[in-house]
Number of protein chains: 2
Amino acid sequence: MSMELENVLIAKQVNPTAVRLLVLEYLLKQKAAISLSDLETELHRADRVTLYRTLKTFEEKGIIHTIKDGTEVTKYALCQDECNNGLHSDMHIHFYCTNCKELYCLPKVQIPKLNLPDDFNLQEMSLVARGICKNCKK
Amino acid sequence: MSMELENVLIAKQVNPTAVRLLVLEYLLKQKAAISLSDLETELHRADRVTLYRTLKTFEEKGIIHTIKDGTEVTKYALCQDECNNGLHSDMHIHFYCTNCKELYCLPKVQIPKLNLPDDFNLQEMSLVARGICKNCKK
DNA sequence: TTGGTGATGCAACTCAATTGCATTCATTTT
DNA sequence: AAAATGAATGCAATTGAGTTGCATCACCAA
Ligand SMILES: [Mn+2]
Ligand SMILES: [Mn+2]
Ligand SMILES: [Zn+2]
Ligand SMILES: [Zn+2]
């Protein structure tokens, strides 16, 4: 449990408990978004509900964001920019690989403009691209 | 149960039973996508599972498409173009109104181009816009 | 040391989606 | 007309993710 990790949580106004540090550490290692089940498998010592509430807290405090990718399970990934207290400013698209079933955040891909009819008031959008990821393509 | 409806089903190779005709009739009346619960409420005589399987059949035969809009329930709407046997060619975006909670198909809105890195092989994308619909805006 | 607050664990519940199986219905075959 | 066949339907039950309630535990302050 490094000091680094603790400071991340403290900066986000989250009490750095043992479970939370482990969850954060795991999240930092990931290249793709994770599910609650993933977390459960990794941290088998902690209770499922505790992990669930940890994710909820992280999300509320702007540490992670949730992604509904069209599969049956919700995914979670670390936020890129500065998100705080439920205000998520890290809008970006996601890529779901139909081969390895992994979901990747693509913060560098420009979010496309939408030409909606004038009578629709756009507030936000979620874009999930599907296909083959770079790892599976080779 | 008009002849028209029957022919729609027959053209899609679906046996035009009473329940199926009622489901199709209901779908045709809708301006927004529906859920299984909606259908259950409307056709209270038919069993939930029958309605569920009807939707599945319709989807397989290219009569409707399913939409996961990020809410907890799956939505269904009639296909626009010619879709057949699970091959859905009616790619379009969807608009979820945060006020009336309705989900609208927007087949006329151009699907934006994505500038993915070369090492990602894009096959399809799902885009759900969220905001206020034209009915709620007035 | 004690009191209080937040974190955790365990049990139970909700709800959409799904499956198994028996029954009914429609159509064809004998 | 009766029997057989396969599809469609209804009912019961299960799955699995997500969620809530409540008791207990850990930690810090008074
Ligand atoms: Mn992301
Ligand atoms: Mn649609
Ligand atoms: Zn992949
Ligand atoms: Zn609306």
Side-chain angles (χ1 to χ4, degrees), chain A residues 1 5-6 8-10 12-26 33-61 63-77 85-86 96 101 103, chain B residues 1 5-6 8-10 12-26 33-61 63-77 85-86 96 101 103:
Chain A
M1 300 180 194
L5 292 180
E6 280 199 42
V8 172
L9 293 185
I10 291 166
K12 296 289 187 179
Q13 323 215 19
V14 173
N15 206 344
T17 66
V19 172
R20 287 171 177 171
L21 287 168
L22 287 170
V23 170
L24 178 60
E25 187 182 29
Y26 180 63
I34 63 159
S35 67
L36 174 56
S37 296
D38 292 336
L39 211 47
E40 214 185 339
T41 305
E42 176 75 11
L43 306 180
H44 52 279
R45 302 174 323 179
D47 186 78
R48 174 180 182 80
V49 177
T50 300
L51 296 174
Y52 166 74
R53 288 198 261 239
T54 298
L55 291 172
K56 264 208 136 181
T57 301
F58 280 14
E59 205 263 334
E60 282 162 10
K61 297 297 186 173
I63 297 170
I64 61 175
H65 59 284
T66 73
I67 313 132
K68 304 259 183 91
D69 61 6
T71 67
E72 58 286 350
V73 291
T74 303
K75 305 286 174 59
Y76 307 86
N85 289 314
Y96 177 82
K101 321 291 191 212
L103 181 74
Chain B
M1 299 177 197
L5 292 180
E6 281 199 42
V8 172
L9 292 185
I10 292 166
K12 296 289 186 178
Q13 323 215 21
V14 173
N15 206 345
T17 67
V19 172
R20 287 170 178 174
L21 288 168
L22 288 170
V23 171
L24 178 60
E25 189 182 29
Y26 180 63
I34 64 160
S35 67
L36 174 56
S37 296
D38 293 336
L39 211 46
E40 214 184 341
T41 305
E42 175 75 12
L43 306 181
H44 52 279
R45 303 174 323 181
D47 185 79
R48 174 180 183 81
V49 177
T50 301
L51 296 173
Y52 166 75
R53 290 199 260 240
T54 298
L55 290 172
K56 264 206 137 181
T57 302
F58 280 14
E59 205 263 334
E60 281 161 11
K61 298 297 186 171
I63 297 171
I64 62 176
H65 59 285
T66 74
I67 313 132
K68 305 259 183 89
D69 61 7
T71 68
E72 57 286 352
V73 291
T74 304
K75 306 286 173 59
Y76 306 86
N85 289 314
Y96 178 81
K101 321 291 191 211
L103 181 75

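Keep in mind that the numbers below use all heavy atoms, side chains included, and drop hydrogens, waters and symmetry copies. So you know, we letter chains A, B, ... as the sequences are listed, proteins then strands, and number each from 1. Every value quoted in this text rests on a predicted model; they were computed, and no experiment measured them.
Whole-Å rounding puts the A:L36 CG to D:dG18 C1' distance at 9 Å. Rounded to whole Å, atom P of D:dG10 lies 11 Å from atom CG of B:L43. Across the protein-nucleic acid pair, A:L51 atom CG and D:dG18 atom P stand 13 Å apart, rounded to whole Å. Atoms CG (A:L39) and P (D:dA17) sit 14 Å apart, rounded to a whole Å. Atom-to-atom, CG of B:D47 to C1' of C:dA17 comes out at 14 Å; the value is rounded to the nearest Å. Computed from coordinates, the B:E6 CD to C:dA26 P distance equals 13 Å when rounded to whole Å. Whole-Å rounding puts the A:E40 CD to C:dG9 P distance at 12 Å. Look at CD on A:Q13: it is 18 Å from C1' on C:dA7, rounded to the nearest Å.
Taking the side chain as every heavy atom from C-beta outward, B:L9 and B:I63 approach each other to under 4.5 Å. Using a 4.5 Å heavy-atom threshold, the side chains of A:T74 and A:K68 count as touching. Between A:V19 and A:L51 the shortest side-chain heavy-atom distance falls below 4.5 Å. Residues B:D38 and B:E42 are not in side-chain contact: their nearest non-hydrogen atoms beyond the backbone lie 4.5 Å or more apart.
The side-chain contact (heavy atoms from CB on, under 4.5 Å) with B:P16 is formed by just one residue from the set B:I10, B:L5, B:L24; it is B:I10.
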What does the B/S/- profile of nucleotides 25-30 of chain D look like, 5' to 3', with a 4.0 Å heavy-atom cutoff to protein?
------
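Listed for the B:D47 side chain is a donor-acceptor partner under 3.5 Å among the backbone atoms of B:V49. For A:R20 (side chain) and A:N15 (main-chain N/O), a donor-acceptor pair under 3.5 Å exists by modelled atom type.
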N/O contacts under 3.5 Å, protein versus nucleotides 4-8 of chain D?
from	atom 1	to	atom 2	distance (Å)
D:dA8	OP1	B:R20	NH1	2.7
D:dA8	OP1	B:R20	NH2	3.4

Restricting to nitrogen or oxygen on both sides, can you table the protein-nucleotides 19-24 of chain C pairs closer than 3.5 Å?
from	atom 1	to	atom 2	distance (Å)
C:dG20	O6	B:R53	NH2	3.2

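Here A:T74 does not reach the OP1 or OP2 of D:dA17: none of its side-chain N or O atoms lies under 4.0 Å away.
A:A33 approaches A:I67 most closely through the heavy-atom pair CB-CD1, 4.0 Å. Nearest heavy atom pair, residue B:H65 against residue B:E59, reads CA-CG, 4.3 Å. The heavy-atom pair separating A:L36 from A:Y52 by the smallest distance is CD1-N, 3.7 Å.
Remark: the B:D69 side chain and the B:T71 side chain contain an N/O donor-acceptor pair separated by less than 3.5 Å.
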